[in-house]
Amino acid sequence: MASASPRRAALLRSLGVPFRVLPSQIEENTKLNLAAPELALKQAGQKAEVIALRHPQAIVLGADTIVCCGEEVLGKPRDYREAFQMLQMLAGRVHEVSTGLVLRQESTGRLREEVVTTRVFFRNLSEEEIRGYLATGESFDKAGGYGIQGYGALLVEKIEGCYFNVVGLPLAKLGEMFKDFGVDLLCRCLNTI
């Protein structure tokens with residue numbers, strides 16, 4: 001996995017997928033002039049390429065998640081002030097979370113790319129609620145300044161689409177993609193029971 005995300009690693013572990021974390025060290029750039037889905041896919045592809053070239057026999061997963069509210073792409077907040085502003089912007093609005101997924105195996109030339117987008121509806125939030133959420137410390141390593149899998153669930157009214165995509169790894173789509181590489185995650189489960 002060409003990502004250092006602990007959430008992605010936890011989701012892969014939950015499926016019993018054997019893997020190694022090999023962060024690509026690609027600098028994420030939310031300022032490129034691309035729509036959020038294209039940006040997520042481009043950055044996921046860059047991550048996968050760097051690691052696949054070093055490990056040509058491996059099936060390499062690159063993933064990147066982008067949060068977009070209106071026309072504004074929201075990266076990971078740099079500080080408290082920026083996190084507060086992001087959450088204020090998201091409060092009472094709908095935003096989209098797009099995750100680009102790239103599976104690549106250099107030795108076989110196999111490549112599969114997908115983007116999954118989920119719409120997230122935030123509740124109206126008071127400044128006190130935003131400050132309370134920021135006090136949890138969850139904001140600072142997550143695109144958009146929140147994590148739906150923790151206290152951030154209290155900010156969300158509803159979603160349309162894949163919950164796991166908002167966490168950072170759309171598992172159903174990833175399972176489909178692995179089939180193109182001869183790996184059926186559900187059938188693997190039958191062999192381990």
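In this chain, residues are counted from 1 in sequence order.
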Just jot down the side-chain contact (heavy atoms from CB on, under 4.5 Å) partners of [X], sequence neighbours excluded, or say none.
| X | value |
| --- | --- |
| Asn124 | none |
| Phe178 | Ile59, Leu103, Leu174, Val183, Leu185 |
| Leu41 | Val102, Glu113, Val115 |

Taking [Y] as the starting point, is it possible to reach [X] by hopping between hydrophobic residues whose side chains are less than 4.5 Å apart?
| X | Y | result |
| --- | --- | --- |
| Leu171 | Tyr163 | yes |
| Met1 | Leu111 | no |
| Val167 | Leu90 | yes |
| Val97 | Met86 | yes |
| Leu74 | Val166 | yes |

By salt bridge (Lys or Arg N to Asp or Glu O under 4.0 Å), which residues pair with [X], not counting sequence neighbours?
| X | value |
| --- | --- |
| Arg131 | Glu127 |
| Glu106 | Arg104 |
| Arg54 | none |

Hey, is the main chain of [Y] close enough, under 3.5 Å, to the side chain of [X] for a donor-acceptor pair?
| X | Y | answer |
| --- | --- | --- |
| Glu49 | Gly45 | no |
| Asn165 | Ser98 | no |
| Gln57 | Ser107 | no |

Original post:
Under 4.5 Å between any side-chain heavy atoms of Leu125 and Leu155, yes or no?
Top reply: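 Side chain of Leu125 against side chain of Leu155, heavy atoms only: contact under 4.5 Å found.
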**OP:** Kindly indicate whether the side chain of Glu96, heavy atoms from C-beta on, has any atom under 4.5 Å from the side chain of Val67.
**Re:**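 Contact flag for Glu96/Val67 side chains = no.
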**OP:** Any pair with a residue in residues 53-81 that passes ring-ring contact (aromatic ring centres under 6.0 Å, His included), sequence neighbours left out, goes on the list, sorted by first then second residue, please.
**Re:**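 Sorted result for residues 53-81: empty, none.
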Subject >> Pairwise ring-ring contact (aromatic ring centres under 6.0 Å, His included) hits with a residue in residues 84-117, at least two apart >> reply: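 ring-ring contact (aromatic ring centres under 6.0 Å, His included) check on residues 84-117 returns His95-Phe122, His95-Tyr146.
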**OP:** Mind running side chain to side chain contact (heavy atoms under 4.5 Å, CB included) on Ile159 and Phe121 for me, showing each step along the way?
**Re:** CA-CA 6 Å; Ile159 68 168; Phe121 297 71; 5.8 Å; no
Can you give the donor-acceptor pairs under 3.5 Å from side chains of residues 136-144 to other protein atoms, not counting sequence neighbours?
unit_1 : atom_1 : unit_2 : atom_2 : d
Thr136 : OG1    : Tyr133 : O      : 2.6
Thr136 : OG1    : Glu138 : N      : 3.3
Glu138 : OE1    : Tyr133 : OH     : 2.7
Glu138 : OE1    : Tyr151 : N      : 3.2
Glu138 : OE1    : Gly152 : N      : 3.2
Glu138 : OE2    : Tyr151 : N      : 2.8
Ser139 : OG     : Gly145 : O      : 2.7
Asp141 : OD2    : Arg7   : NH1    : 3.4
Lys142 : NZ     : Glu138 : O      : 2.9

Closest heavy-atom contact between [X] and [Y]?
| X | Y | answer |
| --- | --- | --- |
| Val156 | Arg123 | C-CG, 4.3 Å |
| Leu101 | Met177 | O-CE, 3.6 Å |
| Ala36 | Cys68 | CB-CB, 3.8 Å |
| Val94 | Cys69 | O-SG, 4.3 Å |

Subject >> Residue pairs, two or more places apart or on separate chains, that pass salt bridge (charged side-chain N to carboxylate O under 4.0 Å, His left out) and touch residues 150-173 >> reply: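 Listed by first then second residue: Arg119-Glu160, Lys173-Glu176.
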**OP:** Any pair with a residue in residues 56-75 that passes salt bridge (charged side-chain N to carboxylate O under 4.0 Å, His left out), sequence neighbours left out, goes on the list, sorted by first then second residue, please.
**Re:**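 Residue pairs with at least one partner in residues 56-75: Lys47-Asp64.
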Subject >> Trace of the side chain to side chain contact (heavy atoms under 4.5 Å, CB included) decision for Leu169 with Leu61 >> reply: CA-CA 10 Å; Leu169 194 62; Leu61 167 62; 4.1 Å; yes
Which donor-acceptor pairs under 3.5 Å do side chains of residues 11-25 form with protein atoms, sequence neighbours excluded?
unit_1 : atom_1 : unit_2 : atom_2 : d
Ser14  : OG     : Leu11  : O      : 2.6
Ser24  : OG     : Ile26  : N      : 3.3

